[in-house]
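One structure is given below, encoded as structure tokens.
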Amino acid sequence: MKRQSVAEIREIFLNYFQDKSHRVVPSSSLLPAGDPTLLFTTAGMVQFKPFFTGAVELPYTRATSCQKCLRTTDLEVVGRTERHCTFFEMLGNFSFGDYFKEEAISYALDCSVNHLGFDKEKIWVTVYSDDDEAEKIWLSKGIPKERITRLGKKDNFWGPAGDSGACGPCSELYLDRGIEKGGPDCATSGTCRPGCDCDRFLEFWNIVFNQFNQDTEGNLHPLKQTGIDTGSGLERVALLLQGADSVYDTDELRKIISFYEELSGIKYDEAVALSKLPDQKSERARTAANQKAAFRVVTDHIRSVLFSIGDGIYPDRTGRGYVIRRLIRRATLFGRKLNFREPFLYKLVDRVVEIYKSRYPELGRNAIAIAKTIHAEEELFLKTLELGLEKIETLVAKTKAEGKKTFSGADAFLLYGTYGFPAEMTEEIVAEQGFDFDKQGFQEELEKDRQFSRESWKANKVSLMTGQSAEKTEFLGYSSLLGKGNIIYLFSDNKPAKVLKEGQAGAIVLDKTPFYPEGGGQVGDTGFLRQGKNVFKVSDTQKENDVILHFGEMLSGEFSVAQELEAEVEAVRRERLRFHHSGTHLLNGALRSLLGDHVLQKGSIVSAEYLRFDFSHPSALTSDEIRKIESWVNESIRKDFQVSTKELGIDDAKKTGAVATFGEKYGDKVRVVQMGDASVEFCGGTHVSHTGEIGYFFIKKESSPGAGNRRIEGVCGPAVIETFQNRFAELTESVQNLNLKIKSELGEEGAKLLITSPVPGPDEIREKLEKEGATAVTFFRDLSENVAAKIEESASSFLKTKRSLESRDFENNASIIEKVFASSVETGVGKIVSAIFEDKDPNSLKGLSDNLKVREKNLLVILGSKNPENASVVITCSSDLVAKGIHCGNLVKTACEVLGGKGGGKPDMAQGGGKEKQNLESAIAGAVNEAKQILTGERV
């Protein structure tokens, strides 16, 4: 294959598809435009998602791009493998209702072989398990059937990017790199092919045949038009075409590594070579392996950080910014392995920009700001890095001393809050010490900080009206999800604008709107603003004083001030918001009725997915209290109270006894929402008209956000159905997996352990809830807890039974008995037999010893086992040998001294052990020799 540079490969690909009538589209930002389901642009098709779904008018039907992408799903292995990166460039060609499988496959093979230079005879392909059409096309293009592999959904069904969007079956191209790249069993098995975990076959091209649109619930709907989404990782292609050992040895990344070599004085190639020393445990090899990983991590992370900041994603405490901060700090930490003790990443910004600025000119324009930002972040972290590393050592030592295997979330939060260590970085560090990580504990500690960050973000987001004059926005959303309004203001880049054009993010103020702005715990509405083919996607709605602002992005066309728009709120989402908001009011009523008037609301979140309610209460709720609260709410739903709303003066409103929300400010006029005798509250949110619409209510979790306060998380309506369906689906899978394991490993012995209780299916769950309501909620709560308890009980019994059977099989195994006797030493007055096993408990060794003594009258048995934490020794003998001077207790003591432990027992049976299991062979040999001397001495 011809050796080509990364830049050449990029241009060959784009030029090829340009010649095939594709529009060359520039890479979009790493900040996904108008897609709240993604933190970053993770694939080439992200910017084209509306094209695939038909949400916008198509400006072209064929496109090609080289898209910058950022994924952190495999962050922990970046630097340690040959091909993982967080930042990468994705080559792509796309069809929107134009060509489909036949042309896409032809293009892929033609471009790969005749333009990029891949050897056709080494190309293998995969197709989706039931995609006969794709296989037929590959066969017609000259790929023989033996080089075509069918794989399932995990491998050959792609998408969507994010929680929703286009997706479909796919077909991938692999290059056979030779049998020498295969795993240890691949050469002999003869079954190695794409899908194997070894490095022989490397995928370099993925064609997705988009046929479906997946909604946010995971449902697949046929696309109005089929499409093609090709992804070909540029770094991966370069690795293959350049014959490199890893993506980091391709020309552009290797050039970045050379910059670090200059700064550090360490040679990358030397580190790679030394890391391959035969003795991988030697200090020299370990140091080299760490340096190799460090070169790769800092090389990868500088690109991720540089491109992200270049696109306006700055280091922060939450969200996308948190990821960027984490990458900078991870690079800083790995930089220490290259002897960097001062800020170093920022020094390479100009040199890395030089590599990419011709393709991505925004880097050149922002280079100074990027370097300044990275420098500031490095300095900020370095100020506490040394102290933080010392603190980690102290906390790790404390955890070890306490005999714990899990590093606590509280300690991780201390490292985060005080020393700036992201939790994931702490997790990586403590994992190297053999500890698990308490993620849940950390998240709970972090919740207050996240809430503060959310409030700060909101404040920044709704500060656009400062200095602007506008009358109160008329809210239409109590009675309708549709409406018309005239544009009063447009904002782009946090400044007033006259026009908002396609692709621009911004905010729109209308004189009238059905969109509810975030307030009273309820999140803002989403939906669309339209005028003909001009479409603005609303991703959030906020309020500043009396003005409602719609935040989002122009999907197509443009808007200008004074235009009249049609406004449409996303109906399903609003409905679920109404269920959860009205459910929150009923929950508040239940708490005050059942727990007492001391209960005060301390905060709430009302989303489409769930509700969260914080309230004052001195102690955790009991299981009985949770059930009573849940039943109270469900009974109020069943009574189908009318939900009435009145706008009253503040004094008259107070006379109604309405409950005010903690922290809310009220004007002269307030809206009072009443639900029969169950709830009366001040509230401006959107609600159901009758409580029966809510359907049902379920408490998922009760916890504490802080001293003196409790927190309830719950779901209403369809979300209850989904919660139980998901819960029982998980339980069903657990039951099936456990039963299969019991059957396969225990056979008839495990029949009594099988779980035979039926677990309800999704249809049964829905029908029962819809028919019985509150009664069904209680039934499913109890049933899920009972099934979970049965699984735990059966799993525990399975392990005990398995150990018992394994022990029995071990003790009675004829081949083991024969093998032990083969080691016998004849002393003239009796035999000595000895053996060492792996991971056997003392009882199993005793059982084997008893079976051995049945076979021989005068027998001394010395058995040992290497276990995960230590070594065990069991010594037994017949009474005749005791009379000849053998004392098993003394022999065990001698053996255990060699193991650094203790042991003892009777003359005819003793046991012991020690942690120095590497000395077990010597300990057993010593006991054998001592016994032999005793017995031969007696004989003489």
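Residues: numbered from 1 along the sequence shown.
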Open item on the list: If you apply the rule side chain to side chain contact (heavy atoms under 4.5 Å, CB included), what do you find for T399 with V396, and how did you get there?
Closed with: CA-CA 5 Å; T399 307; V396 164; 5.6 Å; no
TODO: Under the side chain to side chain contact (heavy atoms under 4.5 Å, CB included) rule, what do F437 and T406 come out as? Steps first, then yes or no, please.
DONE: CA-CA 5 Å; F437 184 77; T406 299; 5.9 Å; no
TODO: Begin from the C-alpha positions of L91 and T230 and carry the test side chain to side chain contact (heavy atoms under 4.5 Å, CB included) through to its verdict.
DONE: CA-CA 8 Å; L91 301 169; T230 289; over 6 Å; no
Task: Stepwise side chain to side chain contact (heavy atoms under 4.5 Å, CB included) check, I374 with I302 - done: CA-CA 9 Å; I374 294 175; I302 186 64; 4.3 Å; yes
Task: side-chain hydrogen bond (donor to acceptor under 3.5 Å, both in side chains) between D251 and S5, worked out - done: CA-CA 6 Å; D251 62 292; S5 70; 4.7 Å; no
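Residue pairs meeting the side-chain hydrogen bond (donor to acceptor under 3.5 Å, both in side chains) criterion with at least one member in residues 388-397, sequence neighbours excluded, do not occur. For residues 243-262, the set of pairs meeting the ring-ring contact (aromatic ring centres under 6.0 Å, His included) definition, not counting sequence neighbours, is empty. The list of salt bridge (charged side-chain N to carboxylate O under 4.0 Å, His left out) pairs with a residue in residues 344-358, not counting sequence neighbours, reads E262-R351, E354-K357. Applying the salt bridge (charged side-chain N to carboxylate O under 4.0 Å, His left out) test to residues at least two apart or on different chains, the pairs with a partner in residues 72-81 are E76-R326, R80-E432.
Contact detail for T64 and G92: the closest heavy-atom pair is OG1-O, 2.8 Å. Residues S264 and F295 approach most closely at OG-CZ, 4.1 Å, considering heavy atoms. Across P343 and E379, no two heavy atoms sit closer than the pair CG-CG, 3.7 Å. Heavy atoms only, all atoms of each residue included: L14 and C66 are closest at CD2-N, 4.0 Å. Shortest non-hydrogen contact noted between A288 and L274 is CB-CB, 3.4 Å. The minimum heavy-atom distance linking V25 with A63 is given by the pair CG2-CB, 3.9 Å.
Screening V353, L345, V352 for a side-chain contact (heavy atoms from CB on, under 4.5 Å) involving V349 leaves a single residue, V353.
To the nearest 0.5 Å, atoms OG (S492) and CG (L500) are separated by 5.5 Å. In this structure, CZ on F94 lies 8.0 Å from CE on M45, to the nearest 0.5 angstrom. Separating the CG atom in L116 from the OG atom in S232 is a distance of 7.5 Å, to the nearest 0.5 Å. Taken from CZ in R330 to CD1 in I429, the straight-line distance is 10.0 Å, to the nearest 0.5 Å. The distance from atom CG of L327 to atom CD of E424, rounded to the nearest 0.5 Å, is 10.0 Å. In this structure, CG in N93 is found 3.5 Å from CZ in F17, a value given to the nearest 0.5 Å.
When atom types are taken as modelled, the side chain of E378 and the backbone of F344 share a donor-acceptor pair closer than 3.5 angstrom. Judged by distance alone, the side chain of S607 and the main-chain N or O of E609 form a donor-acceptor pair under 3.5 Å. In this structure a side-chain-to-backbone donor-acceptor pair under 3.5 Å is present from R236 to E203. Between the side chain of H550 and the main chain of I508, a donor-acceptor pair closer than 3.5 Å is present. Formation of a donor-acceptor pair under 3.5 Å by the N15 side chain with backbone atoms of E11 is found in this model. Using a distance-only test at 3.5 Å, with no hydrogens or angles considered, no donor-acceptor pair links the side chain of N206 to the main chain of E172. Judged by distance alone, the side chain of R341 and the main-chain N or O of R336 form a donor-acceptor pair under 3.5 Å.
Between F118 and W205, the gap from one ring centroid to the other reaches at least 6.0 Å. Between F421 and F381, a ring centre-to-centre spacing shorter than 6.0 Å is recorded.
Taking a cutoff of 4.0 Å between a charged side-chain nitrogen and a carboxylate oxygen, R10 and E252 qualify as a salt bridge. Under the 4.0 Å criterion applied to side-chain N and carboxylate O atoms, K267 and E261 are not assigned as salt-bridge partners. Taking 4.0 Å as the cut-off between side-chain N and carboxylate O, K292 and D269 do not count as a salt-bridged pair.
Within the 4.5 Å cutoff, the side chain of R284 has heavy atoms near those of the L277 side chain. Side-chain atoms of L75 and H301, non-hydrogen and from C-beta on, do get closer than 4.5 Å to each other. Between I228 and V208, the closest side-chain pair of non-hydrogen atoms is not below 4.5 Å. In this structure, V247 and D300 have side chains that are not in contact, with every pair of non-hydrogen atoms separated by 4.5 Å or more. In this structure, the side chains of T41 and S29 stay at 4.5 Å or more apart for every pair of heavy atoms. In this structure, the side chains of V46 and F40 stay at 4.5 Å or more apart for every pair of heavy atoms. Using a 4.5 Å heavy-atom threshold, the side chains of F157 and C170 count as separate. Under the 4.5 Å side-chain criterion, counting only non-hydrogen atoms from C-beta, I392 is in contact with L415.
Not counting sequence neighbours, the partners of D311 by the salt bridge (Lys or Arg N to Asp or Glu O under 4.0 Å) test are K68. Under the side chain to side chain donor-acceptor pair (under 3.5 Å) criterion, Y360 pairs with E89, not counting sequence neighbours.
A donor and an acceptor atom, one from each side chain of T81 and H84, are located under 3.5 Å apart. In this model, a donor atom of one side chain and an acceptor atom of the other lie less than 3.5 Å apart for Y356 and R303. Using modelled atom types, one finds no donor on one side chain facing an acceptor on the other under 3.5 Å when comparing N290 with T287. No hydrogens or angles considered: a donor-acceptor pair under 3.5 Å links the side chains of Q67 and S27. Side-chain polar atoms of T86 and S304 form a donor-acceptor pair below 3.5 angstrom. Residues Q542 and D540 have side chains that bring a donor and an acceptor to within less than 3.5 angstrom of each other. Defined by atom type and a distance below 3.5 Å, a donor-acceptor pair is missing between the side-chain atoms of Y268 and E270.
Note on ring orientation: taking the six-membered ring where Trp is involved, the planes of F87 and F307 are parallel (angle under 30°, cut-offs 30° and 60°).
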